[in-house]
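Just so you know, ligand 1 is whichever comes first in the structure, and atom 1 is the first atom listed for that ligand. If you read the sequence from its start, that first residue is 1, and numbering goes on from there. All values derive from a computational prediction rather than experimental measurement.
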Amino acid sequence: MSEVGDKQKEYLVPGISTYYQDPLILSHGEGRRVVDLGGSSYLDFFGGILTVSIGHAHPTVTAAVTDQVKRLVHTSTLYLTEPMVDVAERLAKITPGELHQSFFTTSGTEANETAISMAQLATGHGEVIALRHSYSGRSQWAMGLTGQSAWKLGGAGMSLPIRHAYNAYCYRCPFGKTPDHCGLECAQDMDEFIRTTTSGHIAAFIAEPIQGVGGFITPPAAFFQETVGIAKKYGALFIDDEVQTGFGRTGKPFGINHYGVNPDIMTFAKGMANGFPIGATIATKAVAQHYVGPTISTFGGNPVSMRAALATLDVMENENLTENARVTGDHLRQGLDMLADRYPIFGDVRGKGLMQGVEMVRHDKVPAADLAGEFLERTKARGLLLGKGGLYGNVIRIAPPMTVTISEVDEALAMMDDALSSLYAAHQEIHDVPSTRIQYQ
Ligand SMILES: Cc1ncc(COP(=O)(O)O)c(C=O)c1O
């Protein structure tokens, strides 16, 4: 074990989970590649959990941040800076519908906390609807909102007024439907769900357009119109968590753009500043006017992260990266579909743009977390970094920086192909796993 590994074991809490039997210790990166301490180079197709949105050490971001660090690093929200109001103005311009006024923090967790608080102040209600399999962060409320028990440490958030409705998990539809026979039963359940498990006075319905940590679970086109429509009848505001799906990742400006619904509140973090700590909550004026405070975030809106966000948004716009995410994402998807044809342990392929997930299974769709773990090791050995997630730990998450090229996607697909072929060679029992793929509409 390396010195870094020894220090981790001694001085960091055991709750920090790292990928790989031999955890990666990274030294530096450029573009879509990172290099470890031993000098091995990897194609990074997870981008620090969908956070390095425009590539490592992007010169435009580096220049903006360096300039800012030399001028002024911190002010708190008690003093204004140009970068903070500029990012707020930018968000108001690029987000859909009437979203207009922002509050800045330093993480997705805080962005969601702020959103819940805003909804409660605006509606006068306390109860919140979240979705099964969701992930919202690591505070008490965020762990409560999270729809996966593994992430509710110590039973966090269980006593809060939160109920979890069905998500649209088409591959494992709780109603036994397939997309071609889907009557959107999961969404329609929302009405009875609210009437039987809540007081009927709801502050918010919070959801990710595509569930990230949940394993890139991708709802059908009408899911949000139906669920949001029902939740609104009971007074709820719609909080759209774009922490993973925001800023072009899915091939449209925001994940919710695929679903034709305008949120009352949107939350961001991760890719917004290409890796600098940031969280943002934007609301319509009608909602934001109730958020009168006092409230403070010491590091929220700090000028360094704000400059990083402005530079990141500039690059996304100037280089048309939303369109690149759509085009390279389609190419990635075609390649993954072809791999799934050849290797049916790739049971389900789903996602949009550069947010593609693959659920690994054995016979009868039994989740194969062990194979997913082994696949991750085998792709790493070939020089490719991927992510993992899902309630059952069996979903491979693929989300490279949005500057990725077609030839890098091909390179990654070739490494996955080779890793799969070696996995099949090592496991006789998976040779006759039949295809269980569904075709998304
Ligand atoms: C959809 C979503 N919301 C919120 C969060 C929490 O963000 P953070 O880890 O920055 O607190 C995450 C983190 O993975 C996320 O994926």
Side-chain angles (χ1 to χ4, degrees), residues 15-19 46-53 103-119 128 130-148 150-153 156-157 162 164 167-168 204-219 224 238-250 254-256 258-259 263 265-282 297 299-302 305 308-309 312 351-357 387-391 393 395 397-399:
I16 293 183
S17 59
T18 46
Y19 279 163
F46 200 38
I49 325 181
L50 294 82
T51 300
V52 182
S53 48
F103 184 78
F104 295 112
T105 49
T106 55
S107 68
T109 299
E110 293 168 273
N112 283 336
E113 281 280 337
T114 306
I116 297 295
S117 183
M118 274 183 182
V128 176
L131 292 179
R132 297 181 186 190
H133 298 253
S134 62
Y135 183 85
S136 296
R138 59 183 305 285
S139 63
Q140 290 289 314
W141 257 93
M143 285 195 268
L145 293 168
T146 294
Q148 302 182 56
W151 296 104
K152 293 172 185 285
L153 297 189
I162 301 166
H164 290 88
N167 64 338
F205 166 43
I206 180 168
E208 306 151 75
I210 294 177
Q211 291 181 321
V213 178
F216 290 6
I217 294 174
T218 309
F224 284 107
F238 176 43
I239 302 172
D240 170 26
D241 177 339
E242 295 272 353
V243 167
Q244 295 213 9
T245 51
F247 306 108
R249 167 62 54 191
T250 65
F254 297 96
I256 204 67
H258 294 278
Y259 295 97
I265 304 174
M266 242 187 195
T267 59
F268 315 105
K270 292 199 186 291
M272 181 176 171
N274 204 38
F276 282 82
I278 197 162
T281 309
I282 188 168
S297 169
F299 294 119
N302 84 82
S305 289
T312 303
K352 293 185 188 291
L354 284 176
M355 192 170 176
Q356 297 290 334
K388 199 155 70 78
L391 184 67
V395 181
R397 295 195 288 160
I398 309 168

What atoms of ligand 1 come closer than 4.0 angstrom to any heavy atom of [X]?
| X | answer |
| --- | --- |
| Gly137 | 6 (C) |
| Ser107 | 10 (O), 11 (O) |
| Glu208 | 1 (C) |
| Gly108 | 6 (C), 7 (O), 8 (P), 10 (O), 11 (O) |
| Thr109 | 6 (C), 7 (O), 8 (P), 11 (O) |
| Asn112 | 3 (N), 4 (C) |

Closest approach of [X] and [Y], non-hydrogen atoms and distance?
| X | Y | answer |
| --- | --- | --- |
| Ser297 | Phe103 | CB-CZ, 4.0 Å |
| Ser53 | Thr312 | OG-CG2, 3.7 Å |
| Met355 | Thr250 | SD-CG2, 4.2 Å |

- Task: Quick one: look at Gln211 and ligand 1, take heavy-atom pairs under 4.0 Å, and tell me if it's side chain, backbone, both or neither.
- Result: neither

- Record the part of Ser136 in heavy-atom contact with ligand 1 below 4.0 Å; permitted values are side chain, backbone, both and neither. backbone

- Distance from atom 3 (N) of ligand 1 to nearest protein heavy atom, with residue and atom: Asp241 OD2, 2.7 Å

- Message: Starting from atom 14 (O) of ligand 1, what is the nearest protein heavy atom, named by residue and atom, and what distance separates them?
- Response: Lys270 NZ, 3.0 Å

- Query: Between Pro209 and Asp240, is any pair of side-chain heavy atoms under 4.5 Å apart?
  - Reply: yes

- Is there a donor-acceptor contact under 3.5 Å from the side chain of Ser134 to the main chain of Leu131? yes

- Message: If we ignore hydrogens and angles and just use 3.5 Å, is the side chain of Thr218 paired with the main-chain N or O of Phe216 as donor and acceptor?
- Response: yes

- Query: Quick check: does Gln244 get an N/O under 3.5 Å from an N/O on ligand 1?
  - Reply: yes

- Query: Of Ile256, Ile239, Thr281, which meets side-chain contact (heavy atoms from CB on, under 4.5 Å) against Met266?
  - Reply: Ile256

- Angle class for the Phe268/Phe247 ring planes (parallel below 30°, perpendicular above 60°, tilted otherwise)? tilted

- Message: I'd like to know if Ile49 contacts ligand 1, where contact means a heavy-atom distance under 4.0 Å to any ligand atom.
- Response: no

